[in-house]
Amino acid sequence: MEERLQKVLARAGIASRRTAEEYIKAGRVTVDGKVVTAMGTKVDPARCRIAIDGTPVTMAEEIITLLLNKPTGYVTTLKDPQGRPVVTDLLKEITARVFPVGRLDLDTEGALILTNDGDLAQRILHPSNEIKKTYHARVAGHPTGKTLQKLEQGIELEGKKTWPARLTVLKKNTRDTTVEITIHEGRKRQVRLMFAAMGHRVLALKRVAYGSLGLGSLPPGKYRVLSKRDLALIFT
């Protein structure tokens, strides 16, 4: 049965459909030995020889989704040209090929979902689903109530206004403040840029939840396999 090439790659656990489309556009995907760059290409995975970067694509046998508590110092990619540790290095006991859903910066820690379910990844990443992501940000100084209100209402950031956010002060120290912030956008380094725009540099950042799915007591560097009930929490 024929289906779109990017959907086949997603079902194979290569990446989300969006990322698979980027691979196709970049000329990294071949079908029966020929480079394919057209988005509308349909293939029969049972008959066609599909490869990415010369490596044959095989369909994922077991669907698995993990929640990892990513430590700082790990790159959210499958390979790093600079030789830095990647998040999949932490999955020693997982034999299935999984990929990260979205990113966390090198210096950001916390909740990171990895899966070989391309359709699930697409649902989580698609802006229309507005998946909430909650962070704990330790920022320099003490943001005023007016500052927090502005961030909640949305600020101009790189020429575009941010969507409304929810902020709560968790802790104040002499020189810094820990703020819980919930957003549903996925702009690069968004939380850091939002606070920086208001004059408060982020000193440490941790994602603690996707939707209602929280890290709980999961230690840094450890992961757990998510159940169907866990997956449902992402969307609430």
**Request:** Please determine which of Leu215, Leu205, Thr72 meets the side chain to side chain contact (heavy atoms under 4.5 Å, CB included) test together with Glu109.
**Result:**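 In the set Leu215, Leu205, Thr72, the residue that makes a side chain to side chain contact (heavy atoms under 4.5 Å, CB included) with Glu109 is Thr72.
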**Asked** Per the side chain to side chain contact (heavy atoms under 4.5 Å, CB included) rule, which among Thr95, Ile94, Thr115 passes with Ile64?
**Response**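 Result: among Thr95, Ile94, Thr115, Ile94 is the only option passing the side chain to side chain contact (heavy atoms under 4.5 Å, CB included) with Ile64.
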If you look at every heavy atom in [X] and [Y], which pair is closest and at what distance?
X	Y	answer
Leu78	Val98	CD2-O, 3.5 Å
Ala96	Asn116	CB-ND2, 4.0 Å
Ala20	Gln6	CB-O, 3.8 Å
Ala111	Leu67	CB-CD1, 3.9 Å
Cys48	Val43	SG-CB, 4.0 Å
Ser16	Ala10	C-CB, 4.4 Å

**Message:** For Asp119 and Arg17: C-alpha separation, side-chain torsions, deciding distance, then whether salt bridge (Lys or Arg N to Asp or Glu O under 4.0 Å) applies.
**Reply:** CA-CA 7 Å; Asp119 288 336; Arg17 259 185 273 180; 3.0 Å; yes
Is it the case that one hydrophobic cluster holds both [X] and [Y], taking links as side-chain heavy atoms less than 4.5 Å apart, direct or via other members?
X	Y	value
Leu9	Met39	yes
Leu112	Val86	no
Phe99	Ile52	no
Leu233	Ile131	yes
Val179	Leu193	yes

Side-chain donor or acceptor of [X] paired with backbone N/O of [Y] under 3.5 Å:
X	Y	result
Thr162	Ile155	yes
Asn129	Ile124	no
Tyr223	Leu91	no
Lys146	Lys150	no

**Request:** Just do the salt bridge (Lys or Arg N to Asp or Glu O under 4.0 Å) check on Arg189 and Asp107 with the steps written out, would you?
**Result:** CA-CA 10 Å; Arg189 298 180 73 82; Asp107 49 355; 3.7 Å; yes
**Request:** For the residue pair Arg224 and Asp230, establish whether any side-chain heavy-atom pair is separated by less than 4.5 Å.
**Result:**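 In short, these two side chains touch, coming nearer than 4.5 Å.
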Does the side chain of [X] pick up a donor-acceptor pair with the side chain of [Y] at under 3.5 Å?
X	Y	value
Tyr23	Arg28	no
Thr108	Arg192	yes
Asp80	Thr77	no

**Prompt:** How far does CD1 of Ile181 sit from OG1 of Thr168, to the nearest 0.5 angstrom?
**Reply:**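 Here the interatomic distance stands at 10.0 Å.
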**Face-on cation placement of Arg123 at Phe235 ring, 6.0 Å and 45° thresholds** = yes
